[in-house]
Amino acid sequence: MKRTVLLSMTFLFSLGAFAQITVSNAIFPVPGDTLRVKNVIQNVASVQIGNAGPNQNWDLSTLGSGTLVETIYESPSNSPNAAAFAGATSYIKVGGGGTAVETFFKNTSTTYASLGTIGSDVTGLGIEDAAVFNQPYVLQRAPLSYPSAAATAQTSATIRFSIDDLPAFLKDSLLNTVPLQLDSLGFGLNLNRTDNIDAWGTMKIPGGEYEVLREKRVEIRAAILEAKLPFIGWTDVTSYVSAIGGIGNVGQDTTVTYYFYNNTSKEPIALINTDASGQNVQSVQYKSGTGTVGSKDLTLKASDIMISPNPVMEQLNIEINGLEKGTYQASAVDLSGKILLSQKFTSSNDIENLSLNVSMLNSGTYMLVIQNLNGQIQGATRFQVLK
């Protein structure tokens, strides 16, 4: 009986434009991961978003170097604020000391979601309190494939505070302008997002080329200001704030963002932020380096595995560069993940040569997968059998 190998979606990483990928939960960040991206805000107006649909090509390879941002995921047990975010499986911290901003996340088998943040002024009013979402705000889903039905994500958070907590100029502005007796205030934030996997293809960025799924996200952020009034209770006073020109982050705004996911990278290969029209690019983020620092990395790139002839009829000749000394298994795997044939070999040199008899395979596209005896994937590349 033929076996099936779970490749954590890594064996598809070098498929060409003739086949789309599926993205699994293996790309969800976990404690111990360090994600590296570069943000670019200059000269991005000419970036082409491209069309929806299959077999697309996007080229961001000429973008500037951008600003490097590293995000380190830690265990929530390392944070004194973890109790406010029940069920968190990881968190990130930006800054240090009393100015640190912490954001907490929760992973399930199908979702990666934000639970909220503490130390960040989400209100825009100078109030650095905990913003705990009433339900996890889904940031990524798995599995992802094209096409997919539209998915939605919603959440909200409310921050209550005294008017005396406001900076003096904001407090005076409110008290002098709003014809109400104000004491306690509340900032209510509602987030609603619609996601749609609308394209797949190949993405080029500085330093690499990847097979990707494109997810279009449309997010509506709406925030109101409430006041606790005598005999009435909590009342929406957003209209008063708007009448005096707006205070803080009150109001509604729509953003459109395009995420480009690969099945082996925890960082999005690229992220394009646009205005509400979805057409005018405002900033771009792209993956920095060839790999995410973490336990799920491949040790070999597709270019480290040379095969010939390709297409092949009977004997596939294999040259592997940079494989550490040890015993491994070379397998021919179909695109469903089933191992069709395999061969053990021992690597003792920087360059290892071996051959695999594939004469029993039908015409079609397959993956050559190199894994150690613990089942960890070291690398993979595609080949075709032609009879």
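For this chain, numbers begin at 1 and follow the sequence in order.
By the 4.0 Å N-to-carboxylate-O rule, Asp195 lies too far from Lys216 to be salt-bridged with it. Using a 4.0 Å cut-off between charged side-chain N and carboxylate O, Arg36 and Glu70 make a salt bridge. Salt bridge absent: Arg160 and Asp129 never bring a charged side-chain N and a carboxylate O closer than 4.0 Å. Taking a cutoff of 4.0 Å between a charged side-chain nitrogen and a carboxylate oxygen, Glu215 and Arg217 qualify as a salt bridge.
With a 4.5 Å cut-off on side-chain heavy atoms, Trp200 and Asn55 count as touching. Counting heavy atoms from C-beta outward, Pro29 and Tyr112 have side chains that approach closer than 4.5 Å. With a 4.5 Å cut-off on side-chain heavy atoms, Arg214 and Asp198 count as touching. With a 4.5 Å cut-off on side-chain heavy atoms, Val385 and Asn362 do not count as touching. Side-chain contact between Leu323 and Phe345 is present, with at least one heavy-atom pair separated by less than 4.5 Å. By the 4.5 Å heavy-atom criterion applied to side chains, Leu191 and Gln154 are not counted as neighbours. When side chains are defined from C-beta on, Ser265 counts as touching Lys287, because their heavy atoms get closer than 4.5 Å. A 4.5 Å side-chain heavy-atom check between Tyr146 and Pro54 finds at least one atom pair inside the cut-off.
For CG of Leu68, the number of neighbouring non-hydrogen atoms (other residues, nucleotides, ligands) closer than 6.0 Å is greater than 12. Heavy atoms from other residues, nucleotides or ligands lying under 6.0 Å from CD of Gln48 number 12 at most. Other residues, nucleotides and ligands contribute over 12 non-hydrogen atoms within 6.0 Å of the CD atom of Glu319. The 12-atom threshold is not exceeded at CD of Glu324, counting heavy atoms of other residues, nucleotides or ligands nearer than 6.0 Å. Other residues, nucleotides and ligands contribute at most 12 non-hydrogen atoms within 6.0 Å of the CG atom of Asn43.
Note on Tyr261: it does not cluster hydrophobically with Val138, by side-chain heavy-atom contacts below 4.5 Å among ILVMFWY residues. Follow the hydrophobic side-chain contacts under 4.5 Å out from Val250 and you never reach Trp234; the two are in separate clusters. Two different hydrophobic clusters hold Tyr91 and Ile72 under the rule that ILVMFWY side chains link at heavy-atom gaps under 4.5 Å. Linking Ile, Leu, Val, Met, Phe, Trp and Tyr residues whenever their side-chain heavy atoms come within less than 4.5 Å leaves Phe85 and Val94 in two separate clusters. Under the 4.5 Å side-chain contact rule for hydrophobic residues, Val37 and Val212 do not share a cluster.
In this structure, Val23 and Ala142 approach most closely via the heavy-atom pair O-CB, 4.1 Å. Nearest heavy-atom pair across Ser90 and Pro76 is N-CG, 3.5 Å. The heavy-atom pair separating Thr194 from Ala150 by the smallest distance is CG2-CB, 4.1 Å. Taking all atoms of both residues into account, the shortest heavy-atom contact from Ile272 to Val47 is CD1-CG1, 3.9 Å. Minimum interatomic distance between Ser120 and Val101 (heavy atoms only, all atoms of both residues): CB-CG1, 3.6 Å. For the pair Gln371 and Ser331, the tightest heavy-atom approach, listed with the atom from each and the gap, is OE1-OG, 4.0 Å.
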side-chain hydrogen bond (donor to acceptor under 3.5 Å, both in side chains) between Asn263 and Thr22, worked out: CA-CA 7 Å; Asn263 52 359; Thr22 298; over 6 Å; no
Intermediate values then yes/no, salt bridge (Lys or Arg N to Asp or Glu O under 4.0 Å), Lys266 and Asp33: CA-CA 9 Å; Lys266 293 194 175 187; Asp33 286 340; 2.4 Å; yes
side-chain hydrogen bond (donor to acceptor under 3.5 Å, both in side chains) assessment of Glu211 paired with Thr202: CA-CA 5 Å; Glu211 299 304 317; Thr202 302; 3.2 Å; yes
Stepwise side-chain hydrogen bond (donor to acceptor under 3.5 Å, both in side chains) test for Ser355 and Asn317: CA-CA 4 Å; Ser355 61; Asn317 300 310; 4.9 Å; no
CA sep, side-chain torsions, deciding dist, call: Ser79, Glu102, side-chain hydrogen bond (donor to acceptor under 3.5 Å, both in side chains): CA-CA 8 Å; Ser79 170; Glu102 297 180 351; 2.6 Å; yes
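The aromatic rings of Tyr73 and Phe105 lie tilted to each other, with the angle between the two planes from 30° to 60°.
Of the inter-residue distances, the one linking Tyr328 atom OH with Ile370 atom CD1 reads 10.0 Å to the nearest 0.5 angstrom. For the atom pair Leu189 CG and Ile159 CD1, the distance stands at 8.0 Å (nearest 0.5 Å). In this structure, the separation between OG1 on Thr254 and CD1 on Ile220 is 4.5 Å, given to the nearest 0.5 Å. Ser156 contributes atom OG, which lies 7.5 Å from atom CD of Gln135 (distance to the nearest 0.5 angstrom).
With 3.5 Å as the limit, one finds no donor-acceptor pair spanning the side chains of Ser283 and Asn39. Remark: the Asn321 side chain and the Asp304 side chain contain no N/O donor-acceptor pair separated by less than 3.5 Å. Under the 3.5 Å distance criterion, with hydrogens and angles disregarded, no donor-acceptor pair is assigned to the side chains of Asp253 and Thr255. Judged by distance alone, the side chains of Thr257 and Asn273 do bring a donor and an acceptor atom under 3.5 Å apart.
For Asn25 (side chain) and Phe28 (main-chain N/O), no donor-acceptor pair under 3.5 Å exists by modelled atom type. Looking at Thr108, its side chain does come within 3.5 Å of a backbone N or O of Thr111 through a donor-acceptor pair.
Partner Val312 forms a side chain to side chain contact (heavy atoms under 4.5 Å, CB included) with one of Val358, Ile307, Leu356 and no other, that one being Val358.
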